[in-house]
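Written below as structure tokens is the structure these notes are about.
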2 protein chains.
Amino acid sequence: MRLTLYSDYSLRVLLYLSHKEETVTITELADFYKISRNHLVKVVHNLGINGFIVTSRGKHGGIRLARPAREITVGEVVRHTEPDFDLLECFNPQTDHCVISSTCSLKGVLFEARSAFINVLDRYTLADVAAPKVQAEIRSIPIIQK
Amino acid sequence: MRLTLYSDYSLRVLLYLSHKEETVTITELADFYKISRNHLVKVVHNLGINGFIVTSRGKHGGIRLARPAREITVGEVVRHTEPDFDLLECFNPQTDHCVISSTCSLKGVLFEARSAFINVLDRYTLADVAAPKVQAEIRSIPIIQK
DNA sequence: AATAACATGCATTCAGAATGAATGTTTAGG
DNA sequence: CCTAAACATTCATTCTGAATGCATGTTATT
């Protein structure tokens with residue numbers, strides 16, 4: 001279970017913008033994070049289309065947040081950057097071929113789990129995340145790391 | 001954000017076994033679900049190694065649950081079948097290259113979301129899921145389907 | 001011994017993410 | 001009005017990992 005690098009980069013861009021008032025360029029971002037400029041170009045483009053940032057072309061162009069960091073939640077961002085949240089085949093009726101999906105209640109359980117996941121992300125804004133570090137690492141992880 | 005078919009098939013196998021008392025064969029499972037027998041072979045093997053099922057070779061061999069369905073949670077299964085739960089690059093210190101991960105509190109937020117997800121799965125057993133359908137589809141989905 | 005089952009490893013295919021590259025479009029400033 | 005600096009857009013390529021297929025081994029019953 002993973003998110004895409006695309007979502008990762010999207011969040012990093014917005015986080016960077018949450019700290020800076022002035023417009024920043026894609027090149028500045030790529031240099032700071034030491035990541036692929038090509039990939040960033042698409043990430044930024046998409047963030048613009050979805051109204052998270054304002055982009056301006058030409059000399060002295062660049063990008064900035066379209067709304068205050070306090071008004072953008074992590075959940076909202078991820079919903080726009082992940083290709084889908086189809087945990088199992090049966091989540092997408094178009095491509096589902098499972099012979100028991102009509103009577104299977106596993107789907108409901110995973111729906112509930114997915115909602116719980118997204119709900120947490122909806123409770124945090126970019127401002128929360130951009131704030132100086134308070135706590136982290138302190139949580140126990142109920143996951144087996146192989 | 002997806003789970004693997006591998007996890008999907010693992011759950012389907014265990015669900016099928018939750019209904020049947022007798023041992024069943026991989027061929028029977030593949031035929032019932034109309035899925036790749038090759039893939040199932042590995043799924044079953046892994047379920048055996050992880051103590052969810054008992055496998056027996058030879059004529060009249062097959063597989064059956066190693067423990068009562070009531071004692072196996074969905075969360076426990078998924079933990080053993082998913083390759084990892086590394087939502088972002090920074091979840092794995094071995095391969096993390098993010099320049100801000102040491103001070104970034106996004107990780108904490110995603111840790112919390114992941115825990116919320118797994119906690120739901122830990123609350124349901126195979127017996128719950130195998131029980132005759134009660135409700136499903138009724139939940140609202142706070143996800144944008146593109 | 002033969003047969004029916006799971007075990008195991010290797011090779012191959014496939015999908016989709018990630019990356020790279022080229023060209024177009026817009027805007028500011030000399 | 002021309003140039004440079006920026007984002008926009010499309011296409012091609014690489015890469016990873018999941019999914020699948022296949023061949024052979026091992027075990028157990030009859």
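Numbers restart at 1 for each chain; the letters A, B, ... are given by sequence-line order, proteins then strands.
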Notebook entry, point to check: Want to know the stems of DNA chain C: at least 3 consecutive Watson-Crick or G-U pairs with distances under 3.5 Å, which are they?
Noted result: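 Looking at DNA chain C, the stems formed by three or more consecutive pairs are C:1-30 with D:1-30.
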Note to self: Does a side-chain N or O of A/T25 approach OP1 or OP2 of D/dC7 to a distance below 4.0 Å, or not?
What the structure shows: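 For A/T25, the contact criterion (side-chain N or O under 4.0 Å from OP1 or OP2 of D/dC7) is not met.
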Checklist line | Under-4.0 Å side-chain N/O to phosphate OP1/OP2 contact, A/H39 with C/dA17 | finding: no
Margin query: Heavy-atom count check: over 12 atoms from other residues, nucleotides or ligands less than 6.0 Å from A/R123 CZ?
Written below: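 More than 12 within 6.0 Å, yes.
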Checklist line | Short N-O contact, A/D8 and A/R2, less than 4.0 angstrom | finding: no
Margin query: Under a plain distance cut-off of 3.5 Å, with no hydrogens placed, do A/T125 and A/E71 share a side-chain donor-acceptor pair?
Written below: no
Check: Any chance the side chains of B/E82 and B/T4 put a donor and an acceptor closer than 3.5 Å?
Finding: yes
Checklist line | Interatomic distance, A/I53 atom CD1 to A/T23 atom OG1 [nearest 0.5 angstrom] | finding: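 Output value for this atom pair is 11.0 Å.
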Notebook entry, point to check: When rounded to the nearest 0.5 angstrom, what is the spacing between CD1 in B/I63 and NZ in B/K20?
Noted result: 12.0 Å
Round to a whole Å and report the spacing from [atom1] of [X] to [atom2] of [N].
X     : N      : atom1 : atom2 : value
B/R37 : C/dA4  : CZ    : P     : 13 Å
A/K42 : C/dA17 : NZ    : P     : 13 Å
B/L17 : C/dC6  : CG    : P     : 11 Å
B/I35 : D/dA18 : CD1   : C1'   : 15 Å
B/L29 : C/dA5  : CG    : C1'   : 13 Å
B/H60 : D/dT29 : NE2   : P     : 10 Å
A/L5  : C/dG16 : CG    : C1'   : 13 Å
A/I53 : D/dA8  : CD1   : P     : 7 Å

Notebook entry, point to check: Considering heavy-atom distances to DNA chain D, does A/T55 or A/K59 have its closest nucleotide positioned more toward the 5' end?
Noted result: A/K59
Next item on the list: Nearest-nucleotide wise, let me know which of B/Y9 and A/V44 is further upstream toward the 5' end of DNA chain D.
Entry: A/V44
Next item on the list: Go through D/dT20, C/dA21, D/dA18 for me and flag the one nearest to the B/P83 side chain.
Entry: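 It is D/dA18.
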Margin query: On the side chain of B/R57, is there an atom forming a donor-acceptor pair with the base of D/dT26 - under 3.5 Å, no angle test?
Written below: yes
Next item on the list: For A/S56, report the nucleic acid contact type (base, sugar-phosphate, nothing); a contact means any heavy atom under 4.0 Å.
Entry: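 It contacts sugar-phosphate atoms only.
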Check: With a 4.0 Å cut-off on heavy atoms, is B/G48 in touch with a base, just the backbone sugar-phosphate, or nothing at all?
Finding: nothing
Checklist line | cation_pi(A/R114, A/F85) dist<6.0 Å, angle<=45 | finding: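 So A/R114 doesn't make the cation-pi contact.
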